[in-house]
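The structure appears right after this line, and notes come after that.
Chain letters run A, B, ... following the sequence lines, proteins first and then strands; every chain starts at 1.
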There are 2 protein chains.
Amino acid sequence: MYQIHNDMFSKACEYGIKASTYIALQSLQDKRVSLKEIAEEINSPVAFTAKILHQLAKNNILDSVKGPAGGFQIEKENVEKLKLSHVVFAIDGDSIYSGCGLGLEKCNEQQPCPLHDKFVIIRNELKQMLEETSLLDLTSGLDLGITFLKR
Amino acid sequence: MYQIHNDMFSKACEYGIKASTYIALQSLQDKRVSLKEIAEEINSPVAFTAKILHQLAKNNILDSVKGPAGGFQIEKENVEKLKLSHVVFAIDGDSIYSGCGLGLEKCNEQQPCPLHDKFVIIRNELKQMLEETSLLDLTSGLDLGITFLKR
DNA sequence: TTTAATTCGGATAAGTTTGTCCGAATTAAA
DNA sequence: TTTAATTCGGACAAACTTATCCGAATTAAA
């Protein structure tokens with residue numbers, strides 16, 4: 001009927017997470033990276049990625065520097081402090097934390113949809129995972145060639 | 001930046017689940033229900049809902065009858081057998097069971113994305129929830145006014 | 001047999017997300 | 001000071017999802 005609905009995250013969010021992870025990895029080695037390099041490394045459309053990086057920079061997740069030898073960077077000490085939840089929030093807002101699984105305007109403990117209780121459980125686990133996973137966690141396997149940001 | 005990304009399910013899926021639940025509830029009382037009534041009860045756009053019901057009927061989740069006094073129905077004995085996973089699958093396909101959290105084409109145990117392990121855990125819980133929740137489960141609270149399909 | 005209620009199903013429109021283009025602003029280096 | 005590399009940011013285009021419209025097919029009832 002429709003195209004496959006495959007997104008726990010939006011594309012913007014996927015790119016944001018992958019870009020942040022790559023930037024974090026390079027930042028740990030004191031390397032600043034350009035938009036072009038990032039897009040290549042995470043296999044994402046350049047201009048679209050630019051907007052997402054800009055958004056992340058505005059939300060103080062990344063530092064951006066214009067001009068030659070400019071690019072994006074994350075303060076070393078922040079690589080561990082920054083969690084997936086921060087990245088997701090900067091791009092998609094607090095959507096993951098609110099909203100009814102069946103799309104009801106007002107759905108809560110008092111007047112829940114039939115799926116409410118079961119849905120809340122799953123979402124809280126997602127929330128917890130996002131809040132306890134840092135950019136540092138995501139970089140760990142990359143160096144060793146255990147994990148990948150493209151393919 | 002973008003609109004709030006609020007969907008664990010697509011709208012089509014939300015309507016499909018709510019409609020199936022309402023039809024199940026009425027079917028338990030041997031009532032066949034019309035598209036119009038369904039759309040009203042679940043607060044969904046009529047024509048769009050028609051397409052989703054049609055899709056569910058094609059996948060043998062619903063029985064549909066044309067003509068006056070026609071409408072949609074679910075065999076009583078199927079109300080408990082039909083799980084959320086069946087409804088979701090009929091509308092969105094197997095998306096929930098496949099696909100990488102970060103959108104990689106090839107992401108698996110051997111060559112995972114950095115989020116793979118944590119993502120798989122969450123998704124398996126979602127999968128399990130969908131597979132063990134029946135339409136009967138969803139109807140239980142509706143009669144008693146404990147749960148709601150609109151508002 | 002006719003009528004009317006209903007689902008079926010294609011065409012099309014509207015809205016959102018994703019993606020592209022291009023010039024402006026910034027800034028390091030020549 | 002000029003040049004060139006880069007991010008910034010708006011306008012626009014493409015793709016996908018959601019939604020509407022309307023006629024065809026079906027069928028129970030008048």
Side-chain angles (χ1 to χ4, degrees), chain A residues 1-19 23 31-40 42-74 88 91-93 95 102-103, chain B residues 1-19 23 31-40 42-74 88 91-93 95 102-103:
Chain A
M1 188 176 192
Y2 298 107
Q3 189 181 261
I4 301 173
H5 176 80
N6 196 11
D7 310 315
M8 179 135 321
F9 303 117
S10 63
K11 274 289 169 198
C13 225
E14 284 179 10
Y15 298 150
I17 293 171
K18 289 194 280 191
I23 297 166
K31 289 179 189 161
R32 182 183 292 156
V33 284
S34 72
L35 165 63
K36 202 178 151 195
E37 178 182 345
I38 294 166
E40 209 156 276
I42 71 173
N43 194 31
S44 66
V46 177
F48 190 46
T49 305
K51 294 206 184 310
I52 296 160
L53 293 176
H54 180 42
Q55 181 76 4
L56 291 173
K58 275 204 297 187
N59 283 267
N60 298 313
I61 297 195
L62 312 174
D63 299 325
S64 71
V65 177
K66 291 181 188 174
F72 298 88
Q73 206 162 6
I74 299 175
V88 171
I91 297 172
D92 277 353
S95 56
L102 296 184
Chain B
M1 190 176 191
Y2 297 107
Q3 188 180 261
I4 302 174
H5 176 80
N6 196 12
D7 311 313
M8 179 133 326
F9 303 117
S10 63
K11 274 289 168 196
C13 223
E14 284 179 11
Y15 297 151
I17 294 171
K18 289 194 281 190
I23 297 166
K31 289 179 190 161
R32 183 183 292 157
V33 284
S34 71
L35 165 64
K36 201 177 152 195
E37 178 182 344
I38 294 166
E40 208 157 275
I42 70 174
N43 194 31
S44 66
V46 177
F48 190 45
T49 305
K51 296 208 181 309
I52 295 160
L53 293 177
H54 181 42
Q55 181 75 4
L56 291 173
K58 274 205 295 187
N59 283 267
N60 298 313
I61 302 210
L62 311 175
D63 299 324
S64 71
V65 177
K66 291 181 188 175
F72 298 88
Q73 206 162 7
I74 298 175
V88 171
I91 296 172
D92 277 352
S95 56
L102 295 184

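Of the inter-residue distances, the one linking L102(B) atom CG with M8(A) atom CE reads 11.5 Å to the nearest 0.5 angstrom. For the atom pair CD1 of I52(B) and NE2 of H54(B), the computed distance is 12.0 Å after rounding to the nearest 0.5 Å. Atom OG in S44(A) sits 7.0 Å away from atom NZ in K18(A) (nearest 0.5 Å). Taking CD1 of I74(A) as the start and CG of L62(A) as the end, the distance is 5.0 Å to the nearest 0.5 Å. Remark: K31(B) NZ to I23(B) CD1 distance equals 14.5 Å, nearest 0.5 Å. Atom CG of residue L35(B) and atom OG1 of residue T49(B) lie 6.5 Å apart, to the nearest 0.5 angstrom.
Residue I52(A) contributes atom CD1, which lies 14 Å from atom P of dT7(D) at whole-angstrom precision. Distance L35(A) CG to dG19(C) P: 14 Å, rounded to the nearest Å. The distance between atom CD1 of I42(A) and atom C1' of dG19(C), rounded to the nearest whole Å, is 14 Å. In this structure, the CZ atom of R32(B) is 17 Å from the P atom of dA5(C), given to the nearest Å. Put simply, CZ on F48(B) is 12 Å from C1' on dC16(D), counting in whole angstrom units. When rounded to the nearest whole Å, the span between CD1 of I91(A) and P of dG19(C) equals 13 Å. Here the P atom of nucleotide dA19(D) and the CD atom of E14(B) are 9 Å apart, to the nearest Å. If you measure from atom CG of D92(A) to atom C1' of dT17(C), you get 11 Å, rounded to the nearest angstrom.
For F72(B), whose side chain is taken as the heavy atoms from C-beta onward, the closest listed nucleotide among dT20(D), dT7(D), dC8(C) is dC8(C). Taking only side-chain atoms of A47(B), from C-beta outward, the nucleotide of dT18(D), dT20(D), dG19(C) with the closest atom is dT20(D).
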For DNA chain C, the dot-bracket notation using Watson-Crick and G-U wobble pairs below 3.5 Å, [ ] for pseudoknot-type crossings and | for other-strand pairs, is ||||||||||||||||||||||||||||||
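In this model, no side-chain donor or acceptor of K11(B) finds a partner on the base of dG15(C) within 3.5 Å. The base of dG9(D) does not come close enough to the side chain of K58(A) for any donor and acceptor atom to sit less than 3.5 Å apart.
Residues that satisfy the ring pair (Phe, Tyr, Trp, His ring centres under 6.0 Å) test with Y15(A), not counting sequence neighbours, are F48(A).
Across every non-hydrogen atom of I38(A) and A19(A), the tightest pair is CG2-CB, 3.8 Å.
A heavy atom lying under 4.0 Å from DNA chain C marks the following residues of residues 61-68 of chain A, by number: K66(A), G67(A), P68(A).
Residues V65(A) and R32(A) form a side-chain contact, since some pair of their non-hydrogen atoms from C-beta on lies under 4.5 Å apart.
Taking side-chain N and O atoms only, H54(B) has no distance below 4.0 Å to OP1 or OP2 of dT7(C). Between Y15(A) and dT18(C) there is no side-chain N or O to OP1 or OP2 distance below 4.0 Å.
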